[in-house]
Amino acid sequence: MFGFIKRGLQKTARILTSDILGLFRIRRKIDAEFLEELEEILIKADLGPKFAAKVISDMQRDYKDRKIEDSSALLAYLKEKFRANLRVRDTSLRFAPEGPTVILVAGVNGVGKTTSIGKLAWFFRNQGKKVMLAASDTYRAAAVEQLDLWSRRVGAEIVRGSQGGDPAAVAFDAVDAARARGAHVLLVDTAGRLHTRENLMKELGKIKGVISKKLPGAPHEVLLVLDATTGQNAVEQARTFKDVIDVTGLFLAKLDGTAKGGVVLAIVEQIEIPVKLVGIGEKQEDVEVFDPDSFVEGLFQEKI
Ligand SMILES: Nc1nc2c(ncn2[C@@H]2O[C@H](COP(=O)(O)OP(=O)(O)OP(=O)(O)O)[C@@H](O)[C@H]2O)c(=O)[nH]1
Ligand SMILES: [Mg+2]
(Lines give C-alpha, C1' and ligand atoms only; values in the text may rest on other atoms or scores of the structure.)
(Ligands and ions follow the chains in the order given, each with its own letter.)
Protein backbone atom coordinates (compact mmCIF):
# COMPACT_ATOMS: atom_id res chain seq x y z
CA MET A 1 0.00 0.00 0.00
CA PHE A 2 3.00 2.20 0.45
CA GLY A 3 2.93 3.98 -2.91
CA PHE A 4 -0.66 5.18 -2.53
CA ILE A 5 -0.46 5.96 1.15
CA LYS A 6 2.69 7.92 0.55
CA ARG A 7 0.93 10.26 -1.83
CA GLY A 8 -2.02 10.64 0.49
CA LEU A 9 0.13 11.52 3.44
CA GLN A 10 2.36 14.05 1.73
CA LYS A 11 0.63 17.03 3.25
CA THR A 12 1.08 15.76 6.79
CA ALA A 13 4.58 14.52 6.07
CA ARG A 14 5.58 17.92 4.84
CA ILE A 15 4.63 19.41 8.21
CA LEU A 16 6.15 16.64 10.25
CA THR A 17 9.51 16.15 8.60
CA SER A 18 10.36 19.59 7.24
CA ASP A 19 9.03 21.58 10.18
CA ILE A 20 10.55 19.32 12.81
CA LEU A 21 13.93 19.14 11.08
CA GLY A 22 13.78 22.90 10.58
CA LEU A 23 13.06 23.40 14.24
CA PHE A 24 15.92 21.16 15.20
CA ARG A 25 18.27 23.14 12.98
CA ILE A 26 17.37 26.34 14.84
CA ARG A 27 17.22 24.95 18.36
CA ARG A 28 19.68 22.17 18.79
CA LYS A 29 18.74 21.62 22.39
CA ILE A 30 15.59 19.85 23.43
CA ASP A 31 14.56 22.43 26.01
CA ALA A 32 11.22 23.86 27.09
CA GLU A 33 11.01 26.16 24.07
CA PHE A 34 11.86 23.39 21.65
CA LEU A 35 9.18 21.17 23.13
CA GLU A 36 6.62 23.94 23.00
CA GLU A 37 7.28 24.52 19.32
CA LEU A 38 7.32 20.82 18.60
CA GLU A 39 3.93 20.47 20.26
CA GLU A 40 2.61 23.17 17.94
CA ILE A 41 3.91 21.30 14.91
CA LEU A 42 2.27 18.07 16.08
CA ILE A 43 -1.05 19.84 16.53
CA LYS A 44 -0.71 21.52 13.14
CA ALA A 45 -0.28 18.02 11.69
CA ASP A 46 -3.73 17.17 13.15
CA LEU A 47 -2.42 14.69 15.70
CA GLY A 48 -4.76 16.17 18.30
CA PRO A 49 -3.84 18.05 21.49
CA LYS A 50 -4.10 14.96 23.65
CA PHE A 51 -1.73 12.83 21.64
CA ALA A 52 0.63 15.77 21.10
CA ALA A 53 0.79 16.44 24.85
CA LYS A 54 1.53 12.79 25.54
CA VAL A 55 4.38 12.70 23.03
CA ILE A 56 5.86 15.88 24.49
CA SER A 57 5.77 14.72 28.09
CA ASP A 58 7.27 11.35 27.16
CA MET A 59 9.96 13.14 25.22
CA GLN A 60 10.77 15.41 28.12
CA ARG A 61 11.29 12.39 30.31
CA ASP A 62 13.30 10.40 27.79
CA TYR A 63 15.51 13.33 26.86
CA LYS A 64 16.60 13.64 30.45
CA ASP A 65 17.68 10.04 30.21
CA ARG A 66 19.79 11.09 27.19
CA LYS A 67 18.01 8.87 24.72
CA ILE A 68 17.56 11.56 22.06
CA GLU A 69 20.74 13.30 21.02
CA ASP A 70 20.44 14.32 17.39
CA SER A 71 17.77 15.00 14.79
CA SER A 72 17.77 11.50 13.31
CA ALA A 73 17.30 10.05 16.79
CA LEU A 74 14.51 12.55 17.29
CA LEU A 75 12.64 11.41 14.18
CA ALA A 76 13.22 7.76 15.02
CA TYR A 77 11.88 8.46 18.49
CA LEU A 78 8.70 10.08 17.13
CA LYS A 79 8.16 7.28 14.62
CA GLU A 80 8.36 4.71 17.38
CA LYS A 81 5.89 6.68 19.52
CA PHE A 82 3.44 6.86 16.61
CA ARG A 83 3.82 3.17 15.78
CA ALA A 84 3.35 2.14 19.40
CA ASN A 85 0.20 4.24 19.59
CA LEU A 86 -1.29 2.61 16.50
CA ARG A 87 -0.30 -0.92 17.45
CA VAL A 88 -2.20 -0.85 20.77
CA ARG A 89 -5.36 -1.99 19.05
CA ASP A 90 -6.08 -4.99 16.91
CA THR A 91 -6.43 -3.80 13.34
CA SER A 92 -7.52 -7.13 11.83
CA LEU A 93 -11.08 -7.77 10.65
CA ARG A 94 -13.26 -10.10 12.70
CA PHE A 95 -15.00 -12.94 10.91
CA ALA A 96 -17.83 -15.22 11.98
CA PRO A 97 -16.58 -18.67 13.07
CA GLU A 98 -19.27 -20.10 10.81
CA GLY A 99 -22.05 -18.77 8.62
CA PRO A 100 -22.06 -15.30 7.12
CA THR A 101 -19.88 -12.52 8.47
CA VAL A 102 -22.05 -9.43 8.75
CA ILE A 103 -20.41 -6.03 8.39
CA LEU A 104 -22.52 -2.99 9.20
CA VAL A 105 -21.28 0.23 7.64
CA ALA A 106 -22.23 3.67 8.94
CA GLY A 107 -21.11 7.28 8.89
CA VAL A 108 -22.16 10.84 8.20
CA ASN A 109 -23.33 11.97 4.74
CA GLY A 110 -20.99 11.62 1.82
CA VAL A 111 -17.98 10.24 3.67
CA GLY A 112 -17.70 7.31 1.27
CA LYS A 113 -19.79 4.50 2.79
CA THR A 114 -21.27 3.07 -0.39
CA THR A 115 -18.02 3.33 -2.31
CA SER A 116 -16.14 1.69 0.55
CA ILE A 117 -18.67 -1.15 0.56
CA GLY A 118 -18.14 -1.60 -3.17
CA LYS A 119 -14.39 -1.79 -2.61
CA LEU A 120 -14.78 -4.23 0.28
CA ALA A 121 -17.09 -6.39 -1.82
CA TRP A 122 -14.43 -6.45 -4.54
CA PHE A 123 -11.73 -7.20 -1.94
CA PHE A 124 -13.63 -10.22 -0.58
CA ARG A 125 -14.66 -11.41 -4.06
CA ASN A 126 -10.97 -11.44 -4.93
CA GLN A 127 -10.46 -13.84 -2.05
CA GLY A 128 -13.04 -16.15 -3.63
CA LYS A 129 -15.77 -15.29 -1.14
CA LYS A 130 -19.46 -15.10 -1.87
CA VAL A 131 -20.55 -11.57 -1.09
CA MET A 132 -23.99 -10.05 -0.54
CA LEU A 133 -24.97 -6.42 -0.17
CA ALA A 134 -27.91 -5.02 1.81
CA ALA A 135 -29.32 -1.73 0.56
CA SER A 136 -30.41 -0.40 3.94
CA ASP A 137 -30.12 3.16 2.67
CA THR A 138 -33.77 3.32 1.67
CA TYR A 139 -34.02 7.10 1.70
CA ARG A 140 -32.98 7.79 -1.86
CA ALA A 141 -33.57 5.74 -4.99
CA ALA A 142 -30.15 6.87 -6.19
CA ALA A 143 -28.51 5.25 -3.16
CA VAL A 144 -29.93 1.84 -4.07
CA GLU A 145 -28.94 2.32 -7.71
CA GLN A 146 -25.40 3.20 -6.69
CA LEU A 147 -25.13 0.02 -4.62
CA ASP A 148 -26.75 -2.00 -7.39
CA LEU A 149 -24.09 -0.77 -9.79
CA TRP A 150 -21.38 -1.94 -7.43
CA SER A 151 -23.09 -5.29 -6.98
CA ARG A 152 -23.01 -5.89 -10.73
CA ARG A 153 -19.50 -4.56 -11.09
CA VAL A 154 -17.98 -6.88 -8.50
CA GLY A 155 -20.37 -9.83 -8.79
CA ALA A 156 -22.23 -9.66 -5.51
CA GLU A 157 -25.91 -10.25 -4.87
CA ILE A 158 -27.95 -7.36 -3.56
CA VAL A 159 -30.96 -7.37 -1.23
CA ARG A 160 -33.13 -4.30 -1.52
CA GLY A 161 -36.38 -3.13 -0.02
CA SER A 162 -38.88 -0.58 -1.16
CA GLN A 163 -37.84 3.05 -1.35
CA GLY A 164 -38.75 4.88 1.83
CA GLY A 165 -39.20 1.52 3.56
CA ASP A 166 -37.79 0.44 6.89
CA PRO A 167 -33.99 0.11 6.65
CA ALA A 168 -33.96 -2.38 9.54
CA ALA A 169 -36.37 -4.61 7.62
CA VAL A 170 -33.96 -4.70 4.67
CA ALA A 171 -31.13 -5.71 7.00
CA PHE A 172 -33.37 -8.39 8.48
CA ASP A 173 -34.20 -9.85 5.06
CA ALA A 174 -30.58 -9.61 3.96
CA VAL A 175 -29.33 -11.64 6.93
CA ASP A 176 -31.94 -14.27 6.11
CA ALA A 177 -30.89 -14.31 2.46
CA ALA A 178 -27.19 -14.46 3.32
CA ARG A 179 -27.76 -17.52 5.50
CA ALA A 180 -30.05 -19.23 3.04
CA ARG A 181 -27.71 -18.71 0.09
CA GLY A 182 -24.49 -19.48 1.95
CA ALA A 183 -22.87 -16.06 1.59
CA HIS A 184 -19.52 -15.60 3.31
CA VAL A 185 -19.85 -11.87 3.80
CA LEU A 186 -22.85 -9.57 4.04
CA LEU A 187 -22.14 -5.85 3.77
CA VAL A 188 -24.92 -3.58 5.04
CA ASP A 189 -25.06 -0.07 3.55
CA THR A 190 -26.85 2.60 5.58
CA ALA A 191 -27.95 6.14 4.86
CA GLY A 192 -25.59 8.95 5.76
CA ARG A 193 -26.61 10.68 8.96
CA LEU A 194 -25.30 13.53 10.99
CA HIS A 195 -24.07 12.25 14.35
CA THR A 196 -25.97 15.07 16.05
CA ARG A 197 -29.37 13.89 14.76
CA GLU A 198 -30.70 11.82 17.62
CA ASN A 199 -33.63 10.16 15.84
CA LEU A 200 -31.44 9.05 12.94
CA MET A 201 -28.84 7.69 15.33
CA LYS A 202 -31.59 5.75 17.11
CA GLU A 203 -32.66 4.26 13.81
CA LEU A 204 -29.10 3.08 13.26
CA GLY A 205 -29.16 1.43 16.67
CA LYS A 206 -32.34 -0.34 15.60
CA ILE A 207 -30.72 -1.66 12.42
CA LYS A 208 -27.90 -3.09 14.48
CA GLY A 209 -30.33 -4.56 17.03
CA VAL A 210 -32.32 -6.33 14.34
CA ILE A 211 -29.15 -7.88 12.87
CA SER A 212 -27.99 -9.14 16.30
CA LYS A 213 -31.38 -10.60 17.02
CA LYS A 214 -31.57 -12.38 13.70
CA LEU A 215 -28.03 -13.74 13.91
CA PRO A 216 -26.39 -13.99 17.34
CA GLY A 217 -22.84 -12.65 17.24
CA ALA A 218 -23.63 -10.37 14.30
CA PRO A 219 -22.74 -7.79 13.17
CA HIS A 220 -19.19 -9.08 13.45
CA GLU A 221 -17.82 -5.71 12.42
CA VAL A 222 -19.39 -2.31 12.78
CA LEU A 223 -17.35 -0.07 10.53
CA LEU A 224 -17.52 3.68 10.79
CA VAL A 225 -16.44 5.38 7.60
CA LEU A 226 -14.61 8.64 8.17
CA ASP A 227 -13.54 11.15 5.56
CA ALA A 228 -9.83 11.57 6.18
CA THR A 229 -9.92 15.16 4.96
CA THR A 230 -12.19 16.35 7.78
CA GLY A 231 -9.57 16.50 10.52
CA GLN A 232 -10.67 16.89 14.13
CA ASN A 233 -14.42 16.74 13.44
CA ALA A 234 -13.89 13.07 12.67
CA VAL A 235 -13.08 12.55 16.34
CA GLU A 236 -16.49 13.94 17.33
CA GLN A 237 -18.24 11.73 14.79
CA ALA A 238 -16.41 8.66 16.00
CA ARG A 239 -17.31 9.37 19.59
CA THR A 240 -21.07 9.65 18.93
CA PHE A 241 -21.29 6.68 16.60
CA LYS A 242 -19.35 4.59 19.08
CA ASP A 243 -21.85 5.39 21.80
CA VAL A 244 -24.80 4.32 19.67
CA ILE A 245 -23.58 1.30 17.69
CA ASP A 246 -20.36 0.31 19.43
CA VAL A 247 -18.12 0.78 16.40
CA THR A 248 -15.49 -1.96 16.11
CA GLY A 249 -13.31 -0.43 13.43
CA LEU A 250 -12.72 2.59 11.25
CA PHE A 251 -12.66 2.73 7.49
CA LEU A 252 -10.68 5.83 6.71
CA ALA A 253 -11.77 6.95 3.24
CA LYS A 254 -10.22 9.59 0.98
CA LEU A 255 -6.74 9.18 2.36
CA ASP A 256 -5.53 10.06 -1.13
CA GLY A 257 -5.35 13.69 -2.15
CA THR A 258 -5.31 16.30 0.57
CA ALA A 259 -5.87 14.03 3.53
CA LYS A 260 -5.05 15.10 7.05
CA GLY A 261 -3.43 11.78 7.84
CA GLY A 262 -2.30 12.86 11.29
CA VAL A 263 -5.88 12.67 12.48
CA VAL A 264 -5.59 8.89 12.54
CA LEU A 265 -3.37 9.14 15.61
CA ALA A 266 -5.70 11.61 17.29
CA ILE A 267 -8.64 9.28 16.74
CA VAL A 268 -6.90 6.16 17.94
CA GLU A 269 -5.69 8.02 21.04
CA GLN A 270 -9.00 9.64 21.90
CA ILE A 271 -11.60 7.17 20.73
CA GLU A 272 -9.90 3.83 21.19
CA ILE A 273 -11.19 2.41 17.92
CA PRO A 274 -8.67 0.78 15.60
CA VAL A 275 -8.34 1.87 11.99
CA LYS A 276 -8.91 -1.32 9.99
CA LEU A 277 -9.09 -0.18 6.38
CA VAL A 278 -8.20 2.80 4.30
CA GLY A 279 -9.64 4.12 1.05
CA ILE A 280 -7.18 5.68 -1.35
CA GLY A 281 -9.26 6.53 -4.41
CA GLU A 282 -12.62 6.02 -6.11
CA LYS A 283 -11.95 2.74 -7.89
CA GLN A 284 -12.69 -0.76 -6.61
CA GLU A 285 -9.05 -1.64 -6.03
CA ASP A 286 -8.40 1.54 -4.03
CA VAL A 287 -8.71 -0.14 -0.65
CA GLU A 288 -6.01 -1.35 1.69
CA VAL A 289 -5.89 -3.13 4.99
CA PHE A 290 -4.44 -0.65 7.43
CA ASP A 291 -0.82 -1.27 8.31
CA PRO A 292 0.55 0.93 11.13
CA ASP A 293 4.18 0.54 10.04
CA SER A 294 3.75 1.71 6.45
CA PHE A 295 1.41 4.42 7.63
CA VAL A 296 4.04 5.86 9.95
CA GLU A 297 6.69 5.59 7.23
CA GLY A 298 4.35 7.61 5.02
CA LEU A 299 3.94 10.26 7.70
CA PHE A 300 7.67 10.80 7.89
CA GLN A 301 8.63 10.36 4.26
CA GLU A 302 11.38 12.64 3.11
CA LYS A 303 12.16 14.05 -0.36
CA ILE A 304 8.64 15.31 -0.88
N1 LIG B 1 -10.71 10.33 -3.66
C2 LIG B 1 -11.51 9.48 -3.04
N3 LIG B 1 -12.84 9.60 -3.19
C4 LIG B 1 -13.64 8.74 -2.54
C5 LIG B 1 -13.12 7.72 -1.71
N6 LIG B 1 -14.17 7.03 -1.20
C7 LIG B 1 -15.29 7.61 -1.70
N8 LIG B 1 -14.99 8.63 -2.51
C9 LIG B 1 -15.91 9.54 -3.23
O10 LIG B 1 -16.70 10.25 -2.29
C11 LIG B 1 -18.00 10.52 -2.84
C12 LIG B 1 -19.07 10.03 -1.88
O13 LIG B 1 -19.00 8.63 -1.83
P14 LIG B 1 -20.22 7.72 -1.41
O15 LIG B 1 -19.70 6.34 -1.35
O16 LIG B 1 -21.41 7.97 -2.25
O17 LIG B 1 -20.48 8.26 0.06
P18 LIG B 1 -21.62 7.83 1.07
O19 LIG B 1 -21.06 7.94 2.43
O20 LIG B 1 -22.20 6.52 0.70
O21 LIG B 1 -22.71 9.00 0.83
P22 LIG B 1 -24.22 9.04 1.37
O23 LIG B 1 -24.80 7.69 1.19
O24 LIG B 1 -24.86 10.08 0.52
O25 LIG B 1 -24.15 9.45 2.79
C26 LIG B 1 -18.02 9.83 -4.19
O27 LIG B 1 -17.75 10.78 -5.19
C28 LIG B 1 -16.92 8.80 -4.09
O29 LIG B 1 -16.38 8.47 -5.34
C30 LIG B 1 -11.68 7.61 -1.56
O31 LIG B 1 -11.13 6.77 -0.84
N32 LIG B 1 -10.95 8.52 -2.25
MG1 LIG C 1 -24.19 5.95 0.36
Side-chain angles (χ1 to χ4, degrees), residues 1-12 103-123 133-154 156 158-161 163-165 167 170-171 174 186-197 199-201 203-204 207 222-231 233-234 237-238 240-241 244-245 247 249-261 263-264 267 275-291 294-295 298:
M1 92 172 172
F2 197 52
F4 295 102
I5 280 291
K6 234 175 143 168
R7 257 179 280 140
L9 296 176
Q10 279 184 2
K11 194 177 159 193
T12 313
I103 303 179
L104 178 64
V105 179
V108 305
N109 308 72
V111 284
K113 294 176 292 301
T114 308
T115 307
S116 299
I117 283 178
K119 292 175 189 173
L120 276 177
W122 178 83
F123 178 81
L133 310 177
S136 280
D137 180 352
T138 55
Y139 286 93
R140 298 176 297 119
V144 181
E145 275 158 35
Q146 187 189 0
L147 195 69
D148 192 56
L149 202 66
W150 275 109
S151 88
R152 277 180 278 140
R153 192 180 294 157
V154 303
I158 182 170
V159 176
R160 37 152 104 211
Q163 203 212 321
V170 177
L186 170 66
L187 296 156
V188 182
D189 191 21
T190 61
R193 66 201 72 219
L194 213 53
H195 54 298
T196 48
R197 293 283 298 277
N199 55 332
L200 294 180
M201 292 304 283
E203 180 198 79
L204 193 57
I207 297 174
V222 178
L223 295 181
L224 175 66
V225 181
L226 294 175
D227 178 335
T229 62
T230 51
N233 188 255
Q237 294 169 21
T240 321
F241 275 92
V244 179
I245 46 167
V247 176
L250 301 176
F251 190 122
L252 201 62
K254 311 187 194 183
L255 202 58
D256 50 311
T258 58
K260 298 179 174 179
V263 78
V264 172
I267 290 168
V275 178
K276 298 203 167 177
L277 298 142
V278 294
I280 44 181
E282 299 184 88
K283 296 191 299 295
Q284 58 192 24
E285 64 270 24
D286 295 334
V287 57
E288 293 289 346
V289 168
F290 182 70
D291 171 40
S294 10
F295 184 79

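One-based numbering, in listed order, for ligands and for the atoms of each.
For the pair F290 and L250, the minimum side-chain heavy-atom distance is 4.5 Å or more. For the pair V105/F251, no side-chain contact is recorded, criterion being any heavy-atom separation below 4.5 Å from C-beta on. Side-chain contact between L277 and V289: present, with at least one pair of heavy atoms (C-beta onward) separated by less than 4.5 Å.
Closest to atom 12 (C) of ligand 1, if we only count protein heavy atoms, is G110 O, 3.8 Å. Regarding atom 24 (O) of ligand 1, its nearest protein heavy-atom neighbour is R140 NH2, 3.2 Å. Scanning the protein for heavy atoms near atom 15 (O) of ligand 1, the closest one is T115 OG1, 2.5 Å. The single protein non-hydrogen atom nearest to atom 29 (O) of ligand 1 is E282 OE1, 2.5 Å, given as residue, atom name and distance. Scanning the protein heavy atoms around atom 1 (N) of ligand 1, the nearest turns out to be D256 OD2, 2.7 Å. Among protein heavy atoms, atom 16 (O) of ligand 1 sits closest to Q146 NE2, 3.0 Å. Regarding atom 18 (P) of ligand 1, its nearest protein heavy-atom neighbour is K113 N, 3.3 Å. Of the protein's non-hydrogen atoms, K254 NZ, 4.1 Å is the one closest to atom 11 (C) of ligand 1.
Identified under the salt bridge (charged side-chain N to carboxylate O under 4.0 Å, His left out) test for residues 133-142, with sequence neighbours left out: D137-R140.
When non-hydrogen atoms are compared, ligand 1 lies under 4.0 Å from neither the backbone nor the side chain of D189. Heavy atoms of K119 found under 4.0 angstrom from ligand 1 belong exclusively to the side chain. By the criterion of a heavy-atom distance under 4.0 Å, neither the backbone nor the side chain of D286 is placed next to ligand 1.
Once rounded to the nearest 0.5 Å, the distance linking CG of D189 with OG1 of T115 reads 9.0 Å. Between the OG atom of S116 and the CH2 atom of W150 there is a distance of 9.0 Å, given to the nearest 0.5 Å. Here CD1 of I245 is found 9.0 Å from CD1 of I207. Values are rounded to the nearest 0.5 Å. Note that CG of L120 and CD of Q284 are 12.5 Å apart. Values are rounded to the nearest 0.5 Å. Atom CG in L252 sits 12.0 Å away from atom CG in L223 (nearest 0.5 Å).
Around the Mg ion (ligand 2), the protein contributes the following N, O or S atoms at distances under 2.8 Å: T114 OG1.
Heavy-atom proximity to G192, at under 4.0 Å, picks out these atoms of ligand 1: 25 (O). Atoms of ligand 1 found under 4.0 Å from any heavy atom of G279, numbered from 1 in the order shown, are 31 (O). Per-residue contacts place I280 under 4.0 angstrom from the following atoms of ligand 1 (heavy atoms of the residue considered): 31 (O). Near D137, meaning under 4.0 Å from one of its heavy atoms, ligand 1 places the atoms 23 (O).
The shortest N or O to N or O distance between N109 and ligand 1 is not under 3.5 Å. Taking any N or O of G112, backbone or side chain, at least one lies under 3.5 Å from an N or O belonging to ligand 1. In terms of N/O distances under 3.5 Å, ligand 1 is approached by G281. Residue T190 has no nitrogen or oxygen atom sitting less than 3.5 Å from a nitrogen or oxygen atom of ligand 1, judged on distance alone.
Across every non-hydrogen atom of L226 and A234, the tightest pair is CD2-O, 3.9 Å. Taking every heavy atom of both residues into account, L224 and G107 meet most closely at CD1-CA, 3.7 Å.
For the residue pair T230/N233, the side-chain donor-acceptor check at 3.5 Å is not satisfied.
By the 6.0 Å contact criterion, CZ on R197 is open, its count of non-hydrogen atoms from other residues, nucleotides or ligands being 12 or less.
The closest donor-acceptor contact from the side chain of R160 to the backbone of I158 lies at 3.5 Å or more, if one exists at all. At least one donor-acceptor pair under 3.5 Å links the side chain of T138 to the backbone N or O of G165.
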